[in-house]
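Inspection log for the structure reproduced underneath, given as structure tokens.
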Amino acid sequence: MSCAKPDRRVWICLRGGRSLQSAATRPQGPQIAGESPAMRMSQYFLPTLKEMPSEAQIVSHRLMLRAGLVRQTSAGIYAWLPFGLRVLRNIERIVREEQDASGAQEVLMPTIQSAELWRESGRYDAYGPEMLRIRDRHDRDMLYGPTNEEMITTLFRDAVKSYRDLPRNLYHIQWKFRDEVRPRFGVMRGREFLMKDNYSFDLDKAGAIRSYNRMFVSYLRTFARMGLRAIPMRADTGPIGGDLSHEFIILAETGESAVFCHKGLVDRDILGRKIDYDGDLQPIVDEWTSLYAATDEKHDGGRFEAEVPAGERLLARGIEVGHIFYFGTKYSKPMNAVVAGPNGDQVTVEMGSYGIGVSRLVGAIIEASHDGAGIVWPESVAPFKVGLLNLKPDDAAVSAACATLYGALGKAGIDCLLDDRDLRPGAKFADMDLVGLPWQVIVGPKGLAAGKVEVKNRRTGAREEVPLDGVVARLG
RNA sequence: CGGGGCGUAGCGCAGUCUGGUAGCGCGUCUGCCUUGGGCGCAGAAGGUCGUCGGUUCGAAUCCGGCCGCCCCGACCA
């Protein structure tokens, strides 16, 4: 790592110039750089399954296998196929944009770590068999990282020596491994998982709470942009330790835990707010934490009934998709992460850590958004925005119309998957509903005779007849 | 880690109790037919029955070891 000074100038410059709105309202280009936004299904690796795989029990796991998103390679370990990968990348993209907007900076730490680091914090022996321990050819103890507090603390303390270089907030999006005794629920509780985690460093507790609040608000925006209703709930700090912590729970009928909250939290809108990450975010945090919300572990029936009027009580189920902690000097102290304070004294930095389960979100979003026919992707994370169905590939007029639309949608930057396979219409409808693209453009000989195609909304099922040359405008 | 279950064709399963030439549905391939909701007809390919050993004239089937996967619980992002 280079010295801290030049780095700090960049930081200040970014802080002055960064604008949340620019990240959130940025025009949506092709979602994966360098790849054509359109694709032909006859050439695409999308192995869908008609029948239910017996290994999967919960709906998101079944749909992920059936819709060709992932394949399991070992218990709790998955290979990501093109569709699943596109969703994963879209989720990552939103997380990254919101992290950057909040002032966090991206790094990338390795998956393999040295046991030495963990001996320093005392967690090597404390962590237990969930940690995958490995040995290299020189018989050195290594491990596949289950989390990165030790590593980031080391990187920070070796490079940052002055209070002038604070605050710092570093994040990365990296694969982690926890050797769960019993992996289950597909990617929602795998052993290998992709996680965004970040770590804030501040001079004092007040600064750490400002950092905490920035992440709190950033998380509200991040999940909202994925079409999820995430409710922050006060949480136990668990083995990570600390005294301020919130879980972000999304509501899904099939969620893993029961949640109890005030209905007012569900419809609260963060995306309509203008956020100033340099300003005081405490009022927003207070607003979201003032109403009752608890998972079953923390639920207090008496308080719930006292604080929430009967008509406003919501009993639902939820899935944890994010967790934020303030933990003070739990790691900085044993690992000696200190900076020179304004008075020249040595100050142990105040830290927090913040996680989002990126791969878990793929399953969680499906749990929150599916129907009997398959997945219903929110547009912001969908593998493609539009599925274009050629109902009769050997009809020259139909295929010509599809080619025209396919080209026009591609040119307009609208992600489009063309089903040009020589299959019965029913098979195409079933597949397209299963994989859940938000919009279907259905081109068949009947409609086309009148110069029209059908545009179907996957979520509502609503269909409308649209003239051929009006499709791009309708979907743009 | 306690308790339970499963491993037979790409997927879903029967066959195992009662040992005797490995089956069904879906999918795949070929041809015909069909083209607005997984259509129809005909033909075909595809399995050392998870693995190793034992019993037996003969093992998918009985016995034992091992491996893998799933479910409930405890645990967890």
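Just so it is clear: chains get the letters A, B, ... in the order the sequence lines come, proteins before strands, and each one is counted from 1.
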Is Gln57(A) close enough to rC72(B) that one of its side-chain N or O atoms is under 4.0 Å from OP1 or OP2 there? no

With heavy atoms under 4.0 Å as the rule, sort Gly444(A) into base, sugar-phosphate or nothing. base

Ring-on-base stacking rG36(B) with Phe429(A) (under 5.5 Å, under 30°): no

Side chain Arg178(A) and base rC76(B) donor-acceptor under 3.5 Å: no

According to the interplanar angle, ranging from 0 to 90°, do the rings of Tyr44(A) and Phe83(A) count as parallel (below 30°), tilted (30 to 60°) or perpendicular (above 60°)? perpendicular

Under 4.0 angstrom between Lys50(A) side-chain N/O and rG27(B) OP1 or OP2: yes

Distance check: side-chain N/O of Ser54(A) vs OP1/OP2 of rC11(B), anything under 4.0 Å? no

Please give the distance between the P atoms of rC17(B) and rC71(B) as a whole number of Å. 29 Å

Measuring from the side chain of Glu454(A) (C-beta onward, heavy atoms only), which nucleotide among rG37(B), rC69(B), rG36(B) has the closest atom? rG36(B)

So what's rG19(B) paired with, Watson-Crick or G-U wobble, going by both distances under 3.5 Å? none

To the side chain of Val181(A), which of rC69(B), rC1(B), rU35(B) is closest? rC1(B)

Glu180(A) CD to rC1(B) C1': how many Å, rounded? 13 Å

For the side chain of Arg463(A), counting heavy atoms from C-beta on, which of rU35(B), rC70(B), rG37(B) is nearest? rG37(B)

What's the closest nucleotide to the Ile442(A) side chain, out of rG12(B), rG36(B), rC71(B)? rG36(B)

Tyr326(A) and Tyr212(A): aromatic ring centres closer than 6.0 Å? no

Sugar-phosphate, base or nothing in reach of Gly186(A), heavy atoms under 4.0 Å: nothing

Which atoms of nucleotides 2-6 of chain B (N or O only) lie under 3.5 Å from a protein N or O atom, and what are those distances?
none

